[in-house]
Amino acid sequence: MSIAYHRGPSLPTPEQRLLLMNEDDWENFILQSVYQLAKEGVYTQVHRIGGAGDKGRDVCGNTQEKTEFCSWDLYQAKHYEDTLSPSTFAPDLAKFLFYVFSKQYTQPKNYFICALRIGPKLYDLVTNPISLNGETLKTWILKEWENKKG
């Protein structure tokens, strides 16, 4: 009598494993990715600030010992079940702009949106100086800001 061996269910693909993460795991994944960039010489320091009072800074990679204008990169970790849309991302972007404008921290060189899925409208607003409907990121966020002020 022969016994058939069954390997069981297939293992999740790397993409599926990312989708299985919760918010904390996702932020830690981003942190580990930025630590790798530090090992490669891109950053001299890496900080995870995420959580209450982070002022919109989840993970920061510094290129200098002292944080100065454009001497660091900000990684905003966003882990949602749904696609990240402009309306979902607006509060985070507004918070970031407020803290830079009020000089609570300096302007980073780069602001990375680390999300699994970004919707086409948000993608267009971020990557194109003027989106298809003529709305720029600046005009859009100012309009959102005014609408939320009431």
Side-chain angles (χ1 to χ4, degrees), residues 11-150:
L11 295 174
T13 65
E15 293 83 6
Q16 291 168 331
R17 290 178 66 197
L18 293 175
L19 292 169
L20 293 173
M21 291 181 178
N22 62 32
E23 289 178 30
D24 290 332
D25 292 338
W26 178 248
E27 195 168 297
N28 191 48
F29 174 73
I30 301 304
L31 175 67
Q32 296 306 315
S33 300
V34 177
Y35 272 134
Q36 180 59 41
L37 291 171
K39 287 180 185 176
E40 295 172 13
V42 175
Y43 301 119
T44 58
Q45 299 174 5
V46 175
H47 303 280
R48 180 180 184 183
I49 304 175
D54 69 2
K55 299 180 182 177
R57 299 166 296 174
D58 290 332
V59 177
C60 303
N62 295 14
T63 60
Q64 302 176 161
E65 293 300 315
K66 183 179 177 199
T67 303
E68 296 175 355
F69 179 81
C70 290
S71 70
W72 63 292
D73 292 334
L74 188 152
Y75 293 81
Q76 182 69 53
K78 304 309 305 167
H79 192 280
Y80 296 110
E81 288 185 26
D82 295 324
T83 301
L84 188 59
S85 67
S87 60
T88 306
F89 190 64
D92 292 299
L93 183 57
K95 181 170 38 171
F96 161 72
L97 293 171
F98 170 79
Y99 287 118
V100 170
F101 180 76
S102 64
K103 299 187 184 339
Q104 294 193 37
Y105 54 79
T106 64
Q107 177 183 324
K109 180 177 181 181
N110 296 295
Y111 180 92
F112 294 103
I113 304 168
C114 303
L116 291 171
R117 295 179 294 254
I118 294 179
K121 180 162 172 131
L122 180 59
Y123 181 83
D124 287 345
L125 283 169
V126 171
T127 60
N128 298 322
I130 299 177
S131 67
L132 296 176
N133 63 0
E135 185 174 50
T136 65
L137 180 63
K138 179 180 176 180
T139 59
W140 169 76
I141 195 64
L142 289 173
K143 181 176 71 178
E144 285 292 311
W145 196 303
E146 288 300 316
N147 290 342
K148 298 292 189 253
K149 278 188 356 185

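Test Leu125, Leu142, Leu122 against Leu137 for side chain to side chain contact (heavy atoms under 4.5 Å, CB included) and you get one pass: Leu125.
Considering only heavy atoms from C-beta on, Tyr105 stays 4.5 Å or farther from Ile49 through its side chain. When side chains are defined from C-beta on, Arg48 counts as touching Asn28, because their heavy atoms get closer than 4.5 Å. Using a 4.5 Å cut-off on side-chain heavy atoms (C-beta onward), Tyr80 and Arg117 make no contact.
Residues satisfying the ring-ring contact (aromatic ring centres under 6.0 Å, His included) test with Tyr111, not counting sequence neighbours, are Phe96. Partners of Asp54 according to the side-chain hydrogen bond (donor to acceptor under 3.5 Å, both in side chains) rule, which considers only residues two or more places apart in sequence or in another chain, do not exist here. Annotation: side-chain hydrogen bond (donor to acceptor under 3.5 Å, both in side chains) contacts of Gln16 (sequence neighbours excluded): Thr13. The side-chain hydrogen bond (donor to acceptor under 3.5 Å, both in side chains) search around Ser85 returns Ser87, Thr88, not counting sequence neighbours. Residues satisfying the ring-ring contact (aromatic ring centres under 6.0 Å, His included) test with Tyr43, not counting sequence neighbours, are none. The salt bridge (Lys or Arg N to Asp or Glu O under 4.0 Å) check on Arg57 picks up nothing, with sequence neighbours excluded. Lys95 is linked by a side-chain hydrogen bond (donor to acceptor under 3.5 Å, both in side chains) to nothing, counting only residues two or more places apart in sequence or in another chain.
Remark: side-chain polar atoms of Thr63 are paired, donor with acceptor, to backbone N or O of Ser71 under 3.5 angstrom.
The salt bridge (Lys or Arg N to Asp or Glu O under 4.0 Å) analysis of residues 82-92, with sequence neighbours excluded, yields the pairs Lys78-Asp92. Residues in residues 58-73 take part in no salt bridge (Lys or Arg N to Asp or Glu O under 4.0 Å) pair, two or more places apart or across chains.
Note that CG of Leu74 and CD of Gln107 are 11.5 Å apart. Values are rounded to the nearest 0.5 Å. Within the model, atoms CH2 of Trp72 and CG of Asn110 stand 10.5 Å from one another, a figure rounded to the nearest 0.5 Å.
When all heavy atoms of Ile141 and Ala94 are compared, the closest pair comes out as CD1-N, 4.2 Å. For the residue pair Thr83 and Gly119, the shortest heavy atom distance occurs at CG2-N, 2.9 Å. Between Gly50 and Glu27, the shortest heavy-atom distance links the atoms CA-OE2, 3.3 Å.
Around OH of Tyr123, the count of heavy atoms belonging to other residues, nucleotides or ligands within 6.0 Å does not exceed 12. The 12-atom threshold is not exceeded at NZ of Lys109, counting heavy atoms of other residues, nucleotides or ligands nearer than 6.0 Å.
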Listing, residues 17-26 side-chain donor-acceptor contacts under 3.5 Å, not counting sequence neighbours, or none:
{"residue": "Asn22", "atom": "OD1", "partner": "Asp24", "partner atom": "N", "Å": "3.0"}
{"residue": "Asn22", "atom": "OD1", "partner": "Asp25", "partner atom": "N", "Å": "2.7"}
{"residue": "Trp26", "atom": "NE1", "partner": "Cys114", "partner atom": "O", "Å": "2.9"}

Can you give me every donor-acceptor pair (side chain of residues 33-42, partner residue at least two apart or in another chain, under 3.5 Å) with its distance?
{"residue": "Ser33", "atom": "OG", "partner": "Phe29", "partner atom": "O", "Å": "2.9"}
{"residue": "Gln36", "atom": "NE2", "partner": "Glu40", "partner atom": "OE2", "Å": "3.0"}

Criterion side-chain contact (heavy atoms from CB on, under 4.5 Å) on Phe98 and Lys55, from CA distance to verdict: CA-CA 9 Å; Phe98 170 79; Lys55 299 180 182 177; over 6 Å; no
